[in-house]
Amino acid sequence: MPKQYDFVVIGGGSAGYAAARTACDLGARVALVDGAKELGGLCVLRGCMPSKTLLYSAEVLHLAKRGGLFGLVIPEARADLPALHKRKKHLIAEFAKYRVGLLESGRFDLLRQNARFTGPREITLTDGTVLAAPHFLVGTGSVIAVPPVPGLDKTPTLTSDDVLDLDHLPESVVVLGGGVVACELAQYLQRVGSRVTLIQRSPHVLKEYSAEAAQVVEKAFRDEGMEVFTGTHLEEVSPRPGGGVRVAFTQNGHRLTREAAALFNALGRRPATKGLGLETAGVALAEDGHIQTNEFMQSTNPAIYAGGDCVGPHEIVHVAIQQGECAARHALGKPATPVNYDHLVRVVFTDPQVAVAGYTEKELRKQGAQYLTASYPFDDHGKSILMEAKRGYVKIMAQRPEGRLLGAECVGYDASELIHAPAVALPLNGTVHDLLRAHWYHPTLAEIWTYPLEDCAEALKK
């Protein structure tokens, strides 16, 4: 006989744990199934936390090398890869220990197995155990994608998992891709001592962000010695006879080649749905492989919900958590609030960082929205000047004629922190006038927002 539960979660990452915790809080009998070698989820083990640990070390190194700008004499500054690796492992072990403690707290049954659907409301585990429930949530995350680039599947490559676990430094690296992961880790490798070439297919890096933001990041990369090619077409990837790799590509009609000691495949990830038996359960996938869901994260089988990277549309931890909570509440018949993507916050942890809250200008133009915009550069702002953090700008988009904030963009030092000032105003329907009533302390980086806010407020008077 199947073992009965009220709610069964497959996957113990951000969406899965949030759903399981929420369902338990609502009094449900819950099982969480996760057969991964290590518990903790992508963010803790191979994503957000290890990458930001290494990026911060690289930032400290970069500042040390620029000590002369600050009147400091620092004779030597270099990366110690074994020490970086050791520190990263120690910190991630602590983060993972905390997550594992939550998963093993006893609030729900934790089953260390893989699972596949063998019916519309039934899964079978690796050991043959059958679980049945009126509601399930799939939160299985994503895996590295291997696009159909000639030779890529036959050439030794580094993945983001590998780069985050390096305890030695490749002399040179070719990075395929210009998305968030590609840009963050390419800059990390360049700063700790590799010679990096980045090859991007789109006209600019970070194609999901504005061209203006991308230009600032690309210039920073090139100024630090990185070779950056955009608007390319990958022709072929191959191993070199003596070791290393060779990449052939075209740009502006010219065929180019680059060789390096290592190749980093940063061409994206795909939903981890293989082997789950979703077709048996009547769960449909979108063309890109993500699980199709409605606003309450319910799949085409009403008994099965999904959240996190296997769903999209944004592979971000706080979004996965909101999706998991929404799904659990809806499944158990409680009031549930769908995720409001209009208020989305997105961040790229390059240096300078890129951060966006709410609508972008491109989205507003597509909607035909009546809005105004104003921006202000970091190279004319007191605190950023004294910090030698002069790259980038802040930008505000506000609705006409009320002045309600629609979106904000920040490219610059600590943009990941600064974006939260306008981000808080979005769900509150705050206006530029509301934000200007706040106390903006001087001298701070945050007060830079007052300049575009004042410009918008002045323009609304006309």
Side-chain angles (χ1 to χ4, degrees), residues 51-52 55-56 58-59 62-63 65-66 69 175 177-191 196-232 266 344-365 373-397 407-423 444-453 455:
S51 65
K52 277 50 183 182
L55 289 172
Y56 187 72
E59 180 183 343
H62 181 66
L63 287 171
K65 288 182 175 180
R66 300 170 73 217
L69 289 173
V175 178
V180 175
V181 172
C183 286
E184 289 181 354
L185 295 184
Q187 190 175 36
Y188 162 73
L189 289 167
Q190 179 73 33
R191 286 185 164 185
V196 176
T197 298
L198 185 146
I199 303 173
Q200 163 72 329
R201 292 174 292 187
S202 300
H204 59 78
V205 301
L206 303 173
K207 66 179 181 179
E208 295 181 354
Y209 295 81
S210 70
E212 185 182 8
Q215 288 168 5
V216 177
V217 173
E218 287 175 20
K219 187 175 189 313
F221 283 1
R222 292 187 173 105
D223 287 349
E224 291 181 19
M226 190 188 306
E227 195 174 25
V228 179
F229 294 95
T230 58
T232 69
L344 186 70
V345 173
R346 295 179 291 154
V347 173
V348 185
F349 286 87
T350 48
D351 181 12
Q353 295 176 358
V354 179
V356 175
Y359 290 116
T360 64
E361 272 208 88
K362 182 178 180 180
E363 291 167 336
L364 292 173
R365 286 195 296 267
T373 183
S375 62
Y376 198 82
F378 274 97
D379 65 5
D380 193 38
H381 180 54
K383 183 64 182 291
S384 56
I385 290 172
L386 67 87
M387 292 174 65
E388 293 290 346
K390 294 178 282 190
R391 296 185 190 274
Y393 58 89
V394 291
K395 180 188 290 186
I396 289 288
M397 281 73 75
E409 182 173 278
C410 180
V411 181
Y413 189 84
D414 264 357
S416 59
E417 307 292 340
L418 298 176
I419 197 65
H420 289 86
T444 62
L445 287 177
E447 66 172 333
I448 193 173
W449 289 113
T450 61
Y451 300 111
L453 288 169
D455 287 345

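Every heavy atom of this structure was used, including side-chain atoms; hydrogens, water molecules and symmetry mates were not. This is a predicted model, so every value here is computed, not measured. The chain is numbered in sequence order, starting from 1.
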task = Find the distance between SG (Cys410) and CH2 (Trp449) and round it off to the nearest 0.5 Å.
result = 5.0 Å
Flag side-chain contact, heavy atom, 4.5 Å: Ser416 against Phe349 = yes
request  = Take Ser210 and Glu409 through the test side-chain hydrogen bond (donor to acceptor under 3.5 Å, both in side chains) and record every step on the way to the result.
outcome  = CA-CA 9 Å; Ser210 70; Glu409 182 173 278; 3.3 Å; yes
query = What heavy-atom pair brings Ile419 and Ala408 nearest, and what distance separates the two atoms?
reply = CD1-O, 3.9 Å
request  = Please report the shortest heavy-atom distance between Lys390 and Ile385, naming the atom on each side.
outcome  = CG-CA, 3.9 Å
key: Met387 vs Tyr413 side-chain heavy atoms within contact, under 4.5 Å   = yes
key: Smallest separation among heavy atoms of Thr373 and Glu361, with atom names   = CG2-OE1, 3.8 Å
key: OG1 on Thr360 to NZ on Lys395, rounded to 0.5 Å   = 9.5 Å
query = Checking side chain to side chain contact (heavy atoms under 4.5 Å, CB included) against Val196, which of Leu185, Val228, Val175 comes through?
reply = Val175
ask   = Does NZ in Lys207 sit with more than 12 non-hydrogen atoms of other residues, nucleotides or ligands closer than 6.0 Å?
value = no
request  = Taking atom types as modelled, find out whether Thr350 and Gln187 have a side-chain donor-acceptor pair closer than 3.5 angstrom.
outcome  = no
Heavy-atom donor-acceptor pair, Gln190 side chain to Glu224 backbone, under 3.5 Å = yes
ask   = So how far is it from His381 NE2 to Leu445 CG, rounded to the nearest 0.5 Å?
value = 5.5 Å
task = State whether Asp414 and Lys383 are salt-bridged, where the test is any N-O pair (Lys NZ or Arg NE/NH1/NH2 against Asp/Glu carboxylate O) under 4.0 Å.
result = no
Rounded distance (nearest 0.5 Å) linking atom CZ of Arg391 with atom CD of Gln215 = 13.0 Å
remark   = Ala355 and Val347 have their tightest heavy-atom pair at CB-CG2, 4.0 Å
What donor-acceptor contacts under 3.5 angstrom involve side-chain atoms of residues 197-206, with partners at least two apart or in another chain?
{"residue": "Thr197", "atom": "OG1", "partner": "Glu227", "partner atom": "OE1", "Å": "3.1"}
{"residue": "Gln200", "atom": "OE1", "partner": "Gly178", "partner atom": "N", "Å": "2.9"}
{"residue": "Gln200", "atom": "NE2", "partner": "His204", "partner atom": "O", "Å": "3.4"}

remark   = Heavy-atom nearest pair, Pro377 first then Ile448, reads O-CD1, 3.8 Å
ask   = Yes or no on salt bridge (Lys or Arg N to Asp or Glu O under 4.0 Å) for Arg191 and Glu59, after CA distance, side-chain angles and deciding distance?
value = CA-CA 8 Å; Arg191 286 185 164 185; Glu59 180 183 343; 5.8 Å; no
query = Would you say the side-chain atoms of Tyr393 pair up with the backbone N or O of Gly412, donor to acceptor, closer than 3.5 Å?
reply = no
note = When every non-hydrogen atom of Val217 is compared with those of Pro352, the smallest separation belongs to CG2-O, 4.0 Å
task = Please list, chain by chain and in numerical order, all residues satisfying side-chain hydrogen bond (donor to acceptor under 3.5 Å, both in side chains) with Lys362, sequence neighbours excluded.
result = none
query = What is the distance from atom OG1 of Thr230 to atom CD of Glu218, rounded to the nearest 0.5 Å?
reply = 5.0 Å
inquiry  = If you count heavy atoms of other groups shown closer than 6.0 angstrom to CD of Glu208, is the number above 12?
reply    = no
